[in-house]
Protein chains: 2
Amino acid sequence: MRWTPQRRLLLEVLDGTNGHVTGAELVDRLRAVDPATTPSTVYRTLRVLEEIGVVQHAHGRDGREEFHVRPAEAHGHLHCSSCGQSWEISPADAAATVQAFRDRLGFDIDLSHLSVGGTCATCREARTR
Amino acid sequence: MRWTPQRRLLLEVLDGTNGHVTGAELVDRLRAVDPATTPSTVYRTLRVLEEIGVVQHAHGRDGREEFHVRPAEAHGHLHCSSCGQSWEISPADAAATVQAFRDRLGFDIDLSHLSVGGTCATCREARTR
DNA sequence: CATACTCTTGCAACGCGTTGCAATAAGCCG
DNA sequence: CGGCTTATTGCAACGCGTTGCAAGAGTATG
């Protein structure tokens, strides 16, 4: 792995980011610092960073990429299709599900890539009221 | 809702489809019948069909759209990132998960849009062996 | 320090899906 | 049947992400 200016910059920007970012957002922030930034380089670098565990990505409800920086633990995400908010699924909450799929179907869920759509408690109450 | 030739054609092609199709595949099949087919019309029509329950869509592991035709029941999908195969999650298997999220987080999972990545039993065994 | 090896970059083009807008054509009503 | 309203279409352009390829720049080596 080579230590290039572009990668240095991407890591800097990622450090200034907490939580989730889409690919496009990252490109924008990078361009704000270095207008010469190229999307292909950014996305390629993100893939490399994912391989070595610096970021993880999943897909939002619309299929767009969302990157999660330096995750303490693998965890999935919840997206409310009504209010648009999103939350992390705590490892504790996910564990039972992961276990259930492993036991019943032998399928090993990739938690880091898990993105679940639906309706959050608040929106559901607001709707049924 | 208007009954146009384009919609008629799309429904015909959907009828000749079992299981899952990506948007691009549909456009290709439609073009094979009518070369004048326009992507925007196809995707717009698919959205309409989804609203009235004829199809449902989720996103594959790469974020691309996958349409499911005339689903008997809402159900999620499992995608193996190793062999690329995909399976339906039976309502029975999904029920416990849906219930768990509702109970613990108040979150109401949209099963029809659920797409879970991971490693299938076969691939996992092949790998650990 | 110069050299070679090969990993990275930028470019240009592509693929999938979406959107705004003007033109078209369904379906309704007299 | 003919005209009217408005849903639908096609076009063109855009947004996000990917890929092939040749040029460029890290890094290790002598």
Side-chain angles (χ1 to χ4, degrees), chain A residues 1-14 17 20-52 54-68 79 81 84 86 113 115 117, chain B residues 1-14 17 20-52 54-68 79 81 84 86 113 115 117:
Chain A
M1 256 209 56
R2 290 182 185 169
W3 194 235
T4 67
Q6 294 88 337
R7 292 184 173 182
R8 208 176 342 246
L9 183 56
L10 178 51
L11 281 180
E12 263 173 46
V13 171
L14 283 175
T17 297
H20 319 85
V21 221
T22 66
E25 264 166 25
L26 277 175
V27 172
D28 280 349
R29 290 193 203 175
L30 285 164
R31 267 211 237 271
V33 185
D34 174 9
T37 301
T38 309
S40 55
T41 300
V42 177
Y43 287 109
R44 277 193 284 233
T45 303
L46 282 168
R47 214 181 304 162
V48 172
L49 292 180
E50 182 150 20
E51 268 164 33
I52 62 175
V54 177
V55 299
Q56 290 181 337
H57 89 277
H59 298 275
R61 186 169 173 88
D62 57 356
R64 260 179 231 170
E65 293 189 328
E66 297 200 332
F67 290 90
H68 194 230
H79 290 270
S81 56
S86 84
H113 198 276
S115 189
Chain B
M1 256 210 53
R2 288 179 187 174
W3 194 236
T4 68
Q6 294 89 336
R7 293 185 171 182
R8 211 180 335 252
L9 182 55
L10 179 50
L11 280 180
E12 263 173 45
V13 171
L14 284 175
T17 296
H20 318 85
V21 222
T22 66
E25 263 166 26
L26 277 175
V27 172
D28 281 350
R29 289 193 204 174
L30 286 163
R31 267 210 237 270
V33 185
D34 174 8
T37 302
T38 309
S40 57
T41 300
V42 177
Y43 288 108
R44 278 192 284 231
T45 303
L46 283 168
R47 216 180 301 163
V48 172
L49 292 180
E50 183 150 19
E51 269 164 31
I52 61 175
V54 176
V55 299
Q56 290 180 337
H57 88 279
H59 297 275
R61 187 171 173 83
D62 58 357
R64 261 179 231 169
E65 292 189 329
E66 297 198 334
F67 290 89
H68 195 230
H79 290 271
S81 55
S86 84
H113 197 276
S115 188

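Computed over heavy atoms, backbone and side chain alike; hydrogens, waters and symmetry mates excluded. Residue numbering restarts at 1 for every chain, and letters A, B, ... go by the order of the sequence lines.
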Determine, step by step, whether B:H57 and B:E66 satisfy the side chain to side chain donor-acceptor pair (under 3.5 Å) criterion, reporting the C-alpha distance in whole Å, the side-chain angles of both residues, the deciding distance to 0.1 Å, and the verdict. CA-CA 5 Å; B:H57 88 279; B:E66 297 198 334; over 6 Å; no

Which is it for B:T17 and B:R29 under the side chain to side chain donor-acceptor pair (under 3.5 Å) test, yes or no, and what are the steps along the way? CA-CA 10 Å; B:T17 296; B:R29 289 193 204 174; 2.9 Å; yes

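For A:R44, taking side-chain heavy atoms from C-beta onward, the closest of the listed nucleotides D:dG10, C:dG10, D:dC16 is C:dG10. Among the nucleotides C:dA25, D:dG26, C:dT18, the one closest to any side-chain atom of B:R47 is C:dT18. With D:dG17, C:dT19, D:dT9 as the choices, the nucleotide that has an atom nearest any side-chain atom of B:Q6 turns out to be D:dT9. Between C:dG10, D:dT8, C:dT6, one nucleotide has an atom nearer to the side chain of A:R2 than all others, and that is C:dT6.
One interatomic measurement links the two molecules: CD of B:E66 to P of C:dG17, which rounds to 10 Å at whole-angstrom precision. C:dG17 atom C1' lies 10 Å from atom NE2 of B:H59, rounded to whole Å. Between B:L9 atom CG and D:dT8 atom P there is a gap of 17 Å when expressed in whole angstrom units. With rounding to whole Å, B:R31 atom CZ is found 13 Å from C:dG17 atom P. The nearest whole Å value for the distance from the CE atom in A:M1 to the P atom in C:dT8 is 6 Å. If you measure from atom CD of A:E65 to atom P of C:dG17, you get 14 Å, rounded to the nearest angstrom. We find that CG of A:D62 is positioned 18 Å from P of C:dC16, with the value rounded to whole Å. A:D28 has its CG atom 11 Å from the C1' atom of D:dC16, to the nearest Å.
Taking the nucleotide of DNA chain C with the nearest heavy atom to each of B:G63 and B:P5, the more 5' of the two is matched to B:G63. Where B:Y43 and B:W3 meet DNA chain C, the nucleotide closest to each residue was compared, and B:Y43 sits on the side nearer the 5' end.
Within 4.0 Å (heavy atoms only), A:T4 reaches sugar-phosphate atoms of the nucleic acid but no base atom. Residue contacts for A:R7: at a heavy-atom cut-off of 4.0 Å it reaches the sugar-phosphate backbone alone, with no base atom in range. B:T45 comes within 4.0 angstrom of sugar-phosphate atoms only, judged by non-hydrogen atoms across all strands, and of no base.
Remark: A:L10 CG to A:L49 CG distance equals 5.5 Å, nearest 0.5 Å.
Put simply, B:T38 has a side-chain N or O that comes within less than 4.0 Å of OP1 or OP2 on D:dG10.
Of all heavy-atom pairs between B:R61 and B:S81, the closest is NE-CB, 3.4 Å.
Ring-centre distance between B:H20 and B:H68: below the 6.0 Å cut-off.
Donor-acceptor pairing under 3.5 Å, judged by distance alone, is present between the side chain of A:S40 and the base of C:dC11.
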